[in-house]
> 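Below: one structure in structure tokens.
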Amino acid sequence: MSANIAEMEKRRAAARLGGGQKRIDAQHAKGKLTARERLKVLLDEGSFEEVDMYVEHNCTDFGMPETTVPGDGVVTGSGTINGRLVYVYAQDFTVFGGAVSERHAMKICKIMDAAMKVGAPVIGLNDSGGARIQEGVASLGGYTEIFQRNVLASGVVPQLSLIMGPCAGGAVYSPAMTDFIFMVKDSSYMFVTGPDVVKTVTNEIVTQEELGGAVTHSTKTSVADLALENDIEALLTARDLIDYLPLNNRTGVPERPTSDAWDRIEDSLDTLIPANANQPYDMHEVVRKVLDEGEFFEIQPKHAANIIVGFGRVEGRTVGVVANQPMVLAGVLDINASKKAARFVRFCDAFEIPILTFVDVPGFLPGTAQEYGGIIKHGAKLLFAYAEATVPKITVITRKAYGGAYCVMSSKHLRGDLNYSWPTGEIAVMGAKGAVEIIFRQDIGDPDKIAERTKEYEDAFANPFVAASKGFIDEVIHPRNTRRRIALGLRKLRNKSLENPWKKHDNIPL
Ligand code: HXC
């Protein structure tokens with residue numbers, strides 16, 4: 001018996017050593033943790049339960065039978081984050097560069113299947129040279145099995161990808177189909193083809209980091225939601241995000257105790273909006289003052305900053321926040337902002353997370369770049385996402401709500417449950433100046449007349465009361481009471497029941 005246990009221990013120790021001490025040292029020298037070290041940081045202490053530690057590859061070509069390593073380059077299992085169950089896989093770069101074999105893929109699929117069965121998030125720690133070259137199509141088959149599961153899990157359990165090393169070629173498409181991607185600065189990259197191929201095909205000279213590093217993807221492309229400084233920061237941030245998320249699409253949002261009073265009055269909000277309608281203010285201030293303890297987990301803060309999206313809590317329960325940011329491009333909706341917010345709204349709706357929308361939007365961004373880029377289709381994404389969402393939707397207009405952008409930003413007409421406006425709300429087809437230049441075109445040469453007409457238009461429309469008189473705004477509220485109103489609204493809406501007509505799936509403008 002003791003000999004058997006000793007044998008088991010010996011095998012475990014061998015598996016834990018992965019590709020050996022030399023390769024572990026090389027991993028550390030690059031500033032990266034090993035797969036097992038990463039899981040230690042990610043999960044609650046002592047909670048990790050590994051499976052498939054002894055799985056080996058089945059490749060018989062290129063001398064591979066002599067080079068089996070138990071675990072086959074990926075550590076898989078389950079554990080907890082602040083006591084809540086998650087399934088995890090961590091690719092082990094010390095074993096064949098974390099390359100994906102048929103068996104390696106099978107291990108990942110097994111934990112995805114288990115997560116789906118019990119309804120728990122899947123967190124993937126990616127650090128891989130891609131398809132295991134010695135295995136050829138067997139590896140591609142394995143990858144595709146993972147892709148298929150990513151799609152079936154989408155909207156059922158949250159999926160989070162941390163890119164902590166190479167992720168190139170078709171391999172990028174598994175993370176791309178998960179809900180959130182975090183990347184580590186300077187040690188991770190994602191691209192479909194690397195700098196060498198790019199140079200051959202297009203003559204462009206570009207570094208790995210420029211082409212697909214964490215900064216590129218969290219600013220330019222929006223492929224990544226956050227760029228973190230190092231492995232530890234990425235893993236701890238993943239823990240924070242998981243704390244906000246439901247375990248699956250049926251459990252509802254997590255709840256945790258808070259000492260922040262639900263009816264906290266924020267007098268400073270009464271004076272936040274500047275007298276001059278063209279002067280910006282920081283919408284983050286509104287968001288933070290409404291949420292519990294001022295805590296806000298922002299998604300894609302560095303991409304399309306003209307719209308803010310992220311998670312917070314009210315009375316300890318998770319909410320999704322979407323807010324126009326007047327500090328950036330006056331809070332205008334453009335292609336990137338529309339895509340960013342649409343995806344976020346759909347995530348919230350899929351996982352029953354109520355949506356709070358703060359509106360200060362002058363309209364859609366004009367220009368050939370936007371029109372040729374397809375702002376019509378991309379703007380429609382956000383409209384579509386809000387319109388199909390059946391979760392509780394509370395909207396607060398703080399200042400401008402102009403034109404099509406008024407309609408899009410969770411308006412009453414898109415089944416907004418509670419639509420509030422501050423007294424500073426301006427709900428109109430467009431700003432007064434633009435409106436007057438169109439409807440009083442004959443007076444354009446007469447500045448006095450134009451000023452008079454502009455004042456007339458402002459008096460008529462630069463307020464929330466016309467919309468309120470039609471029932472499009474449920475109530476004009478004191479800014480200082482915004483948190484109280486939202487908390488009460490969310491309580492009322494907790495049992496909201498609304499279903500869309502049966503369909504196989506919709507046809508959102510992609
Ligand atoms: C098998 C691999 C491997 C791979 C790396 N290794 N990639 N083994 N299949 N794809 C092994 C190396 O042989 C080496 O083994 C160890 O991993 C570490 O690799 P190094 O090259 O020493 O490390 P480094 O210098 O850090 O470079 C990492 C790398 C490079 C950039 C990932 O290894 C590389 O370019 N690998 C090939 C990448 C690739 O072309 N993959 C296929 C892409 S196509 P030893 O024994 O020396 O430690 C693809 C399609 C997926 O992935 C499609 C899905 C549908």
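Owing to the predicted nature of the structure, the values given are computational and were not obtained by experimental measurement. Just so you know, ligand 1 is whichever comes first in the structure, and atom 1 is the first atom listed for that ligand. As a basis for the values below, the full set of heavy atoms in this structure was taken, side chains included, without hydrogen atoms, waters or symmetry mates. We count residues from 1, following the sequence as given.
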> Can you list the steps and then say if Val75 with Phe48 is a side-chain contact (heavy atoms from CB on, under 4.5 Å)?
CA-CA 11 Å; Val75 182; Phe48 180 51; 3.8 Å; yes
> Please determine if Arg103 and Asp52 form a salt bridge, counting it only when a charged side-chain N lies under 4.0 Å from a carboxylate O.
no
> Are there any N/O pairs under 3.5 Å between ligand 1 and the protein, and if so, what are their distances?
{"unit_1": "ligand 1", "atom_1": "9 (N)", "unit_2": "Ile133", "atom_2": "N", "d": "3.1"}
{"unit_1": "ligand 1", "atom_1": "10 (N)", "unit_2": "Gly129", "atom_2": "O", "d": "3.2"}
{"unit_1": "ligand 1", "atom_1": "10 (N)", "unit_2": "Ala131", "atom_2": "O", "d": "2.8"}
{"unit_1": "ligand 1", "atom_1": "17 (O)", "unit_2": "Gly97", "atom_2": "N", "d": "2.9"}
{"unit_1": "ligand 1", "atom_1": "26 (O)", "unit_2": "Lys30", "atom_2": "NZ", "d": "3.1"}
{"unit_1": "ligand 1", "atom_1": "41 (N)", "unit_2": "Gly129", "atom_2": "O", "d": "2.7"}
{"unit_1": "ligand 1", "atom_1": "46 (O)", "unit_2": "Arg23", "atom_2": "NH2", "d": "3.0"}
{"unit_1": "ligand 1", "atom_1": "48 (O)", "unit_2": "Arg23", "atom_2": "NE", "d": "2.6"}
{"unit_1": "ligand 1", "atom_1": "48 (O)", "unit_2": "Arg23", "atom_2": "NH2", "d": "3.3"}
{"unit_1": "ligand 1", "atom_1": "52 (O)", "unit_2": "Ala131", "atom_2": "N", "d": "2.9"}

> Tell me every residue that passes side-chain hydrogen bond (donor to acceptor under 3.5 Å, both in side chains) with Glu388, counting only those two or more places apart in sequence or in another chain.
Arg346
> Atom CD of residue position Glu49 - does it have more than 12 heavy atoms of other residues, nucleotides or ligands inside 6.0 Å?
no
> Mind jotting down which residue pairs meet the ring pair (Phe, Tyr, Trp, His ring centres under 6.0 Å) criterion with at least one end in residues 49-98? Sequence neighbours excluded, please.
His57-Phe96
> With sequence neighbours left out, write down each residue that passes side-chain hydrogen bond (donor to acceptor under 3.5 Å, both in side chains) with Ser139, or none if nothing qualifies.
none
